[in-house]
Peer 1: 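Can you read through this structure? Questions will come right after.
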Amino acid sequence: MQINNTTEFRPKIVAFCCNWCSYAGADLAGNNRLSYPADIKIIRVPCSCRVNPTFILRAFQRGADGVILCGCHPGDCHYTSGNYYTRRRMTLLFSMMNYLGIEKERTRVEWVSAAEGAKFAAVMQDFAQTVAALGESKRLEDLRCKQ
Amino acid sequence: MQRIGVFVCWCGSNIAATVDVQRVADAVRSEPGVVFSVDYQYMCSQAGQSMIVDAVKEHQLTGLVICSCSPRMHESTFRKTAQLAGINPYMVEIANIREQCSWVHKDIFIGTQKAITLAKAAIAKVNLNTPLTSGESKVTKRALVIGGGIAGIQSALDIADAGFPVDLVEKEATIGGKMAQLDKTFPTLDCAACILTPKMVDVAQHENIRIISHAQVEEVGGFVGNFHVKIRKKARFVDESICTGCGLCTEKCPQKKVPNAFNLNMDHHRAIYIPFAQAVPKVAIIDPDYCSMLKNGKCGVCAKVCSVGAIDYQQKDEIIEEDYGAIVTATGYNPISLEKYDEYAYSLSKDVITSLEFERLTNAAGPTQGHLIRPSDGKQPHTIVFVQCVGSRCAANAEKGKEYCSKICCMYTAKHAMLVRDKYPDTEVYVFYIDVRTPGKSFDEFYRRAVEEYGVHYIKGMVGKVIPEGNTLKVQASDLLMNKQLHIDADLVVLAAAIEPDRSARPLATMLTASMDTNDFFTEAHPKLRPVESPTAGIFLSGTCQGPKDIPETVSQASAAAAKVIGLLCKNTLKGNPCVAVSDEMMCNGCSSCANVCPYGAITYESKEFRMPDRTTRMRRVAKVNPAVCQGCGCCTVACPSGAMDLDGFKNQQIMAEVDAICK
Ligand SMILES: Cc1cc2nc3c(=O)[nH]c(=O)nc-3n(C[C@H](O)[C@H](O)[C@H](O)COP(=O)(O)OP(=O)(O)OC[C@H]3O[C@@H](n4cnc5c(N)ncnc54)[C@H](O)[C@@H]3O)c2cc1C
């Protein structure tokens, strides 16, 4: 058993995945044993449009270093139009967060279909690397929540 | 306070090899609400499930967390287990520690840490779960089949035979699809019309089937068991209920120069025509682009000769609205356009044809009455070159062509080669191939007969160029096995064009919210275990719209889809998804933001009387969600400015609890 060097910085990353495309894409990555960093923790939501901006702010407040949102490709939303709302909402939210000092690279929206296991793994690999390179995110973190 | 039991599955070694399951069970024992925690080899087995039932009884559990494979796999299994144990099925949450943990992280330390975090997130969520009950909705006992090729025909017949009414919508003037255009069919070489047209007649005569031809689906609403569909039946300018199909008008019409699409434009029909002799419905149709009566009000010959008065120049499109319990897509395929394939001179020479055109040329009912002649000069060809994989199996980033194998071309090319050698034994036939792929019952034997008995020259290699020169087609090719260049003077070149889904399938998929792959084939709910269902409940897949297939495979899938439809229509009611939006009327101010984003129109408003603190009452407009219509996407919850809207099963508080647990 290999014990990892615990002093190395490991980012905390929340990934919101829609049930129909991206969560299934993540499952497919698993089926095909395509690995990506364990820093990624997935929360299942019915549709990417279920993700309230407050969930993302909450994550950063609680010490997340990056948040990624995955949904069906535009035009393929299981609920026809949910991902279009996501795209608009997140564009606004991410630019506001950038203004508040959360680097743009820490937040991302990606479209991953149920058939794109390889894309899922590649996106997560890349995102985890990007966030790790930026280091800890302390801008919005509420230290009172640390206990 | 919840009493939660945590069950950690080993999944044999699938999880246990890279996650220390015992440590996971230990680590969550002190989490808030957890009163019991255990690990076991196969949680989904009979023994595993009874372990859960026993634990619920023994520890008076109110919520369950199963750390196992994906909820897409076994969520419903464990919900049933919960119900068996006497607790609400929605008090179960799954921590996906297989697909999203043990299978993707090789290091047991890291895997175990992540599994613990995922388990804690699920526990945090279950702490806030509330019992939910599914609403019931009625099932409309009628099916819609879209596309009237052999796939749609077979599905419609099977469903109708089981006693359910079926509407079969076909965009062309007749049903039959591509199979109606074929000559003989592999592997038995029986004539396509002989086996297809009796089935078409069965459809026409079936008391449970209504054919809606020359029509398209325009709008789809509703959900499984209760689809509401709007169909536009386009004007054919002939009253279908009166026309006897005698065909007199199609002989008398003076406009003779209308390209005959059924014969792939290789000959002409009149402006009023019946697509082919065995068309169903056998009713004439007027092409408004060519009819001079419709274009400039002069002529009227067809109306004069029609003895039953079926011609109706004033006919308008008709909108048919109907409810269906299930929908079958059977929209089929088309050969790709070969416009971009200049190297094969398809658009330069009339004697370079597609395989489907070849089918019409050898068909006794085709433009040449079955005489295989060159379209350019009507002479009989003596050397024929068949080119396989035209546009199939291309590189992923190629600018033209498809990445996939079209599957049927190897077999039909062998068929064509054999038919030529059979009818015209002195013709030289060459087939250029990349690989010959003939899996299937009696398929390889069939291909070998072409080579061994019929003396067809099979050459491994691709054709580089076809150059029309005078009366001949100069074919330049390479023979990979002999490692040499070949030059063949051919009289006819036949291209086995790749097949692709019908263009109308993509907009249809959008209407149905059914997903498609990158090639626009419909995707199945599970590639192995649910191959005839779309991931969207109530939508079923039949035939080549799901992927390339020959007729035997198309028919099997069509019947399989029909069996699934019958299974659904046999039910009187369906349990709905209880994870729907709910509005807190105390917080709602009736602003309509939620209704504006709802894709289903599930939100309405009502005026309600509220008591104010000063004991007066006031009327206020508040949102109301129809749980039978809401599909639970949650879009409204984010649009709501006052925070009145929430989604059962995925409440704001629940998701935030998961976020907190992960970020801890
Ligand atoms: C040259 C050639 C030779 C072949 N020879 C053989 C053979 O010998 N043996 C064999 O087993 N197979 C053969 N095949 C394969 C065979 O043609 C297919 O397997 C079969 O036709 C598939 O049937 P289908 O119903 O899925 O599709 P189709 O035949 O394409 O039928 C689809 C139908 O749906 C209609 N439609 C499409 N979109 C819509 C819409 N939006 N709304 C309403 N209607 C719509 C179309 O008009 C069409 O009528 C051959 C194929 C080719 C190209």
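We name chains A, B, ... by the order of the sequence lines, and we start the count at 1 in each one. Note that the coordinates shown come from a computational prediction; the quantities given were computed from them, not determined experimentally.
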Peer 1: Chain A contacts: which residues in residues 639-648 of chain B have a non-hydrogen atom closer than 4.5 Å to it?
Peer 2: B:Ala639, B:Asp646, B:Leu647

Peer 1: Against chain B, label A:Val51 side chain, backbone, both or neither, depending on which of its atoms sit under 4.5 Å from a heavy atom there.
Peer 2: backbone

Peer 1: With only heavy atoms counted, which part of A:Tyr85 is less than 4.5 Å from chain B, the side chain, the backbone, both or neither?
Peer 2: side chain

Peer 1: Looking at B:Arg79 and B:Glu93, does any basic side-chain N land under 4.0 Å from a carboxylate oxygen?
Peer 2: no

Peer 1: Of the backbone (N, CA, C, O) and the side chain (C-beta and beyond), which part of A:Ser113 lies under 4.5 Å from a heavy atom of chain B, both, or neither?
Peer 2: neither

Peer 1: Give, as side chain, backbone, both or neither, the part of A:Phe60 having an atom under 4.5 angstrom from any heavy atom of chain B.
Peer 2: neither

Peer 1: For chain A, which candidate among B:Glu99, B:Met516, B:Glu658 shows the most heavy-atom pairs at distances under 4.5 Å?
Peer 2: B:Glu99

Peer 1: Just give me the residue among B:Arg72, B:Met73, B:Met511, B:Gln631 that pairs up with chain A most often, heavy atom to heavy atom, under 4.5 Å.
Peer 2: B:Arg72

Peer 1: Top residue by heavy-atom pair count (under 4.5 Å) with chain B, among A:Cys21, A:Gly82, A:Ala24?
Peer 2: A:Ala24

Peer 1: Identify which of B:Cys636, B:Ala509, B:Pro599, B:Ser102 forms the greatest number of heavy-atom pairs closer than 4.5 Å to chain A.
Peer 2: B:Pro599

Peer 1: If we count only N and O atoms by modelled type, under 3.5 Å, do the side chains of B:Gln546 and B:Glu524 hold a donor and an acceptor together?
Peer 2: yes

Peer 1: Looking at CD of B:Gln100 and OG of B:Ser70, how far apart are the two atoms once the value is rounded to the nearest 0.5 Å?
Peer 2: 6.5 Å

Peer 1: List the steps and the verdict of side-chain hydrogen bond (donor to acceptor under 3.5 Å, both in side chains) for B:Asn652 and A:Arg50.
Peer 2: CA-CA 9 Å; B:Asn652 289 331; A:Arg50 172 66 187 97; 2.8 Å; yes

Peer 1: Can you run down the side chain to side chain donor-acceptor pair (under 3.5 Å) pairs that involve residues 110-124 of chain B, sequence neighbours left out, and say none if there aren't any?
Peer 2: B:His105-B:Lys114

Peer 1: When you check the gap from the basic side-chain N to the acidic O, do A:Arg108 and A:Asp126 get nearer than 4.0 Å?
Peer 2: yes

Peer 1: Select one option (side chain, backbone, both, neither) describing which atoms of B:Arg506 are under 4.5 Å from chain A's heavy atoms.
Peer 2: side chain

Peer 1: Between A:His78 and B:Thr536, does the side-chain contact (heavy atoms from CB on, under 4.5 Å) criterion hold? Intermediate values first, please.
Peer 2: CA-CA 8 Å; A:His78 181 76; B:Thr536 303; 3.7 Å; yes

Peer 1: I'd like to know which of A:Cys18, A:Cys77, A:Ala38, A:Pro53 tops the heavy-atom pair count under 4.5 Å against chain B.
Peer 2: A:Ala38

Peer 1: Please state whether the side chain, the backbone, both or neither of B:Lys125 comes within less than 4.5 Å of a heavy atom of chain A.
Peer 2: neither

Peer 1: With chain B as the partner, which of A:Val14, A:Asp39, A:Ile43 has the greatest number of non-hydrogen pairs under 4.5 Å?
Peer 2: A:Ile43

Peer 1: What verdict does the side-chain hydrogen bond (donor to acceptor under 3.5 Å, both in side chains) test give for A:Asn98 and A:Glu103, after you've listed the backbone C-alpha separation in whole Å, the side-chain angles of each residue and the deciding distance to 0.1 Å?
Peer 2: CA-CA 5 Å; A:Asn98 191 40; A:Glu103 297 89 331; over 6 Å; no

Peer 1: Could you please spell out the steps behind the side-chain contact (heavy atoms from CB on, under 4.5 Å) verdict for B:Lys651 and B:Val582?
Peer 2: CA-CA 10 Å; B:Lys651 290 221 184 243; B:Val582 279; 3.9 Å; yes

Peer 1: Let's test your reading of the structure: which of B:Val659, B:Ile655, B:Thr523, B:Ile662 forms the most heavy-atom pairs below 4.5 Å with chain A?
Peer 2: B:Ile655

Peer 1: Does the pair A:Glu8/A:Arg10 count as a salt bridge with the N-to-O cut at 4.0 Å?
Peer 2: yes

Peer 1: Which bit of A:Arg89 is near chain B, if near means a heavy-atom gap under 4.5 Å: side chain, backbone, both or neither?
Peer 2: side chain

Peer 1: Salt bridge or not for A:Asp142 and A:Arg62, using N-O below 4.0 Å?
Peer 2: no

Peer 1: Applying the side-chain contact (heavy atoms from CB on, under 4.5 Å) test to B:Cys67, which of B:Leu118, B:Val21, B:Val28, B:Ile97 qualifies?
Peer 2: B:Ile97

Peer 1: If you measure from the Lys or Arg side-chain nitrogens to the Asp or Glu carboxylate oxygens, is any gap between A:Lys12 and A:Asp65 under 4.0 Å?
Peer 2: no

Peer 1: Tell me, side chain or backbone of B:Asn14 under 4.5 Å from chain A's heavy atoms, or both, or neither?
Peer 2: side chain

Peer 1: Which bit of A:Ala121 is near chain B, if near means a heavy-atom gap under 4.5 Å: side chain, backbone, both or neither?
Peer 2: neither

Peer 1: Return the option, out of B:Thr510, B:Asp660, B:Thr637, B:Thr513, with the maximum number of heavy-atom pairs under 4.5 Å with chain A.
Peer 2: B:Asp660

Peer 1: Taking the ring centre of each residue, are B:Phe521 and B:Tyr404 less than 6.0 Å apart?
Peer 2: yes

Peer 1: Please state whether the side chain, the backbone, both or neither of A:Ala115 comes within less than 4.5 Å of a heavy atom of chain B.
Peer 2: neither

Peer 1: Testing the basics here: between B:Leu541 and B:Glu533, what is the closest heavy-atom pair and its distance to 0.1 Å?
Peer 2: CD1-O, 4.0 Å

Peer 1: With a 6.0 Å cut-off on the ring centroids, do B:Tyr600 and B:Phe223 count as close?
Peer 2: no

Peer 1: Specify which of A:Asn52, A:Asp27, A:Ile13, A:Asn31 makes the most heavy-atom pairs with chain B at under 4.5 Å.
Peer 2: A:Asp27

Peer 1: Tell me which of these, A:Thr86, A:Ile42, A:Val67, has more heavy-atom pairs under 4.5 Å with chain B than the rest.
Peer 2: A:Ile42

